[in-house]
Amino acid sequence: MFDKLKQKLGGFKKALGSVLESKEKEAIKTEVQGKIEESLKVQETSTAEKVSPLIQEKAPEKVGIIGKIKAAVFEQEFIIGDSGLKDHLWELEMALLESDVALPVAEKIVESVKIELVGTRRKIGSDTGKIVEEALRKSILKVISVESFDFDAFVKKTPKPVSIVFVGVNGTGKTTTVAKMADRFKAQGYSIVIAAGDTFRAGAIEQIDRHAETLGIKIIKHQEGADPAAIIYDAIQFAKAKHKDIVLADTAGRLHTNINLMDQLKKVCRVNNPSLIIFVDEAIAGNDAVERAKMFNDAVPFHGSILTKADADSKGGAAISISYTTGKPIMFLGIGQTYKDLVKFEPQWLIDRLFE
Ligand SMILES: Nc1nc2c(ncn2[C@@H]2O[C@H](COP(=O)(O)OP(=O)(O)OP(=O)(O)O)[C@@H](O)[C@H]2O)c(=O)[nH]1
Ligand SMILES: [Mg+2]
């Protein structure tokens with residue numbers, strides 16, 4: 001997962017780390033020089049004896065002096081300046097764009113890395129690679145943590161039934177995600193109803209029906225071509241009557257540019273006023289996923305997104321950009337094709353994956 005991005009961030013860390021290291025060495029040299037001169041002066045006045053070469057290795061009192069100087073130098077700090085960083089920051093921006101990070105997000109990260117580093121004081125002797133990694137971690141964390149949303153706490157406290165409608169373009173993994181979520185809720189002890197809201201694609205009802213049967217979950221379905229708003233409405237009424245906790249509503253994949261189908265989706269949400277609308281897209285779609293998310297969010301403002309197929313995504317661009325761009329959190333990541341391949345998304349988890 002995110003292998004290419006990991007590699008690029010690692011490359012940046014190494015390159016910028018060595019720039020900082022040479023700056024640190026310069027600072028050490030200047031400090032040592034200064035301290036030696038200082039201590040020689042002190043010696044001159046106290047012993048009235050000229051101590052000439054800087055390092056006379058055999059003389060024990062001189063070794064002592066060098067040791068003290070080193071200790072004094074390592075207590076000092078050096079300031080990270082602007083020079084030498086510019087090219088590397090440019091390379092970082094290029095690396096992020098190549099990884100499908102959206103332009104405003106890449107710019108924000110680079111700006112933040114710069115602020116984290118330039119003008120800051122660091123102790124001489126610090127691990128420069130770590131300094132760069134810390135700056136990267138903080139900067140990426142800022143763009144992916146838009147709003148803290150505790151999914152499980154929300155479901156727990158919301159009056160039942162909690163209804164969740166899954167929306168997105170074709171083939172992104174909506175139906176599979178409905179099944180994964182059903183499995184997850186079931187394991188948490190909730191009672192569930194699935195609404196077969198994709199009446200558009202041939203075979204869609206049979207597909208979700210199979211999942212419901214495998215998972216042993218009640219499904220509300222009508223015939224192909226029926227009104228999805230009505231099916232989801234029926235599922236919610238059923239859940240109310242039978243005291244079920246959760247309604248999970250599948251919908252047909254649709255292009256954000258198809259006005260009629262987007263109008264239909266608006267109707268689904270207007271009629272049913274679901275507790276949550278979740279946008280599902282595939283991580284591997286990169287920037288396309290981010291663009292589609294914006295369009296879906298304009299049509300049916302959603303509460304958060306789920307990125308599927310993260311297991312096949314080496315770039316990580318969508319995972320980094322989608323929250324910042326939509327202002328809505330990523331709730332889960334799909335990481336495979338089985339029911340268990342769904343992980344609750346935590347910004348810190350992603351950051352740790354990028355630097356492990
Ligand atoms: N590797 C991987 N494959 C996934 C993941 N989620 C879904 N898939 C696969 O993606 C394909 C499409 O999944 P569906 O759930 O049918 O997608 P959909 O969005 O419902 O598709 P439409 O109903 O046609 O719009 C299937 O082969 C799934 O097994 C995931 O997290 N990882
Ligand atoms: Mg589907």
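Atoms within a ligand are numbered from 1 in the order they appear, just like the ligands themselves.
Residue Lys174 has at least one N or O atom closer than 3.5 Å to an N or O atom of ligand 1. Among the atoms of Gln207, some N or O lies under 3.5 angstrom from an N or O of ligand 1. Polar contact check, Arg201 against ligand 1: a nitrogen or oxygen pair lies under 3.5 Å apart. Polar contact with ligand 1: present for Gly336 (N/O pair, distance under 3.5 Å). Polar contact with ligand 1: present for Thr172 (N/O pair, distance under 3.5 Å). Remark: ligand 1 and Thr175 share an N or O pair separated by less than 3.5 Å (distance only, no angle test).
Remark: the backbone N or O of Lys142 is not paired with any side-chain donor or acceptor of Ser145 at under 3.5 angstrom. In this structure a side-chain-to-backbone donor-acceptor pair under 3.5 Å is missing from Asp245 to Tyr190. Under a 3.5 Å cut-off, the side chain of Asp341 and the backbone N or O of Thr338 do form a donor-acceptor pair.
When only non-hydrogen protein atoms are considered, atom 17 (O) of ligand 1 lies nearest to Gly173 N, 2.9 Å. Atom 29 (O) of ligand 1 has Gln337 OE1, 2.6 Å as its closest protein atom, hydrogens excluded (heavy atom only). Here the protein heavy atom with the shortest distance to atom 1 (N) of ligand 1 is Asp311 OD2, 2.8 Å. The single protein non-hydrogen atom nearest to atom 11 (C) of ligand 1 is Lys309 NZ, 4.1 Å, given as residue, atom name and distance.
In this structure, Asp341 falls outside the shell of residues with a heavy atom less than 4.0 angstrom from ligand 1. Residue Gly171 places a heavy atom under 4.0 Å from ligand 1. No heavy atom of Ala312 sits closer than 4.0 Å to any atom of ligand 1.
Contact annotation: for Glu282 versus ligand 1, there are no heavy atoms closer than 4.0 Å. If you look at Lys180 next to ligand 1, the close heavy atoms, those under 4.0 Å, all belong to the side chain. With a 4.0 Å cut-off on non-hydrogen atoms, Asp198 touches ligand 1 through its side chain and not its backbone.
Under a 4.0 Å criterion applied to the non-hydrogen atoms of Ile335, ligand 1 contributes the atoms 31 (O). Close approach of ligand 1 to Gly334 is summarised as follows: ligand atoms under 4.0 Å from at least one heavy atom of the residue are 31 (O). Every atom of ligand 1 with a heavy atom of Gly253 under 4.0 Å away is listed here by number and element: 25 (O). Which parts of ligand 1 touch Thr176 is read off a 4.0 Å heavy-atom cut-off, strictly below it: atoms 7 (C), 13 (O), 14 (P), 15 (O), 28 (C).
Residue Glu98 forms a salt bridge (charged side-chain N to carboxylate O under 4.0 Å, His left out) with just one option from Lys315, Lys4, Lys8, and that option is Lys8.
Here Arg292 pairs with Asp281 in a salt bridge; the nearest charged N to carboxylate O distance falls below 4.0 Å. Arg184 has a carboxylate O that lies under 4.0 Å from a charged side-chain N of Asp152, or vice versa, which qualifies the two as a salt bridge. Comment: Glu111 does not engage Lys108 in a salt bridge, judged by the lack of any side-chain N to carboxylate O separation of less than 4.0 angstrom.
At most 12 heavy atoms of other shown residues, nucleotides or ligands fall within 6.0 angstrom of atom NZ in Lys240.
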Check the pair Glu291 / Lys294 against salt bridge (Lys or Arg N to Asp or Glu O under 4.0 Å), numbers first and verdict last. CA-CA 5 Å; Glu291 286 305 310; Lys294 274 200 278 190; 3.3 Å; yes
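Relative ring orientation between His211 and Tyr339 is described as perpendicular, the plane-to-plane angle rising above 60° on a 0-90° scale split at 30° and 60°. Below 30°, between 30° and 60°, or above 60°: for Phe296 and Phe279 the angle between ring planes is between 30° and 60°, a tilted geometry.
For the Mg ion (ligand 2), the set of nearby N, O or S atoms under 2.8 Å includes none belonging to Thr176.
Linking Ile, Leu, Val, Met, Phe, Trp and Tyr whenever their side-chain heavy atoms come within less than 4.5 Å puts Phe332 and Leu276 in one cluster.
Looking at heavy atoms from C-beta onward, Thr176 lies out of side-chain contact with Thr308 at the 4.5 angstrom threshold.
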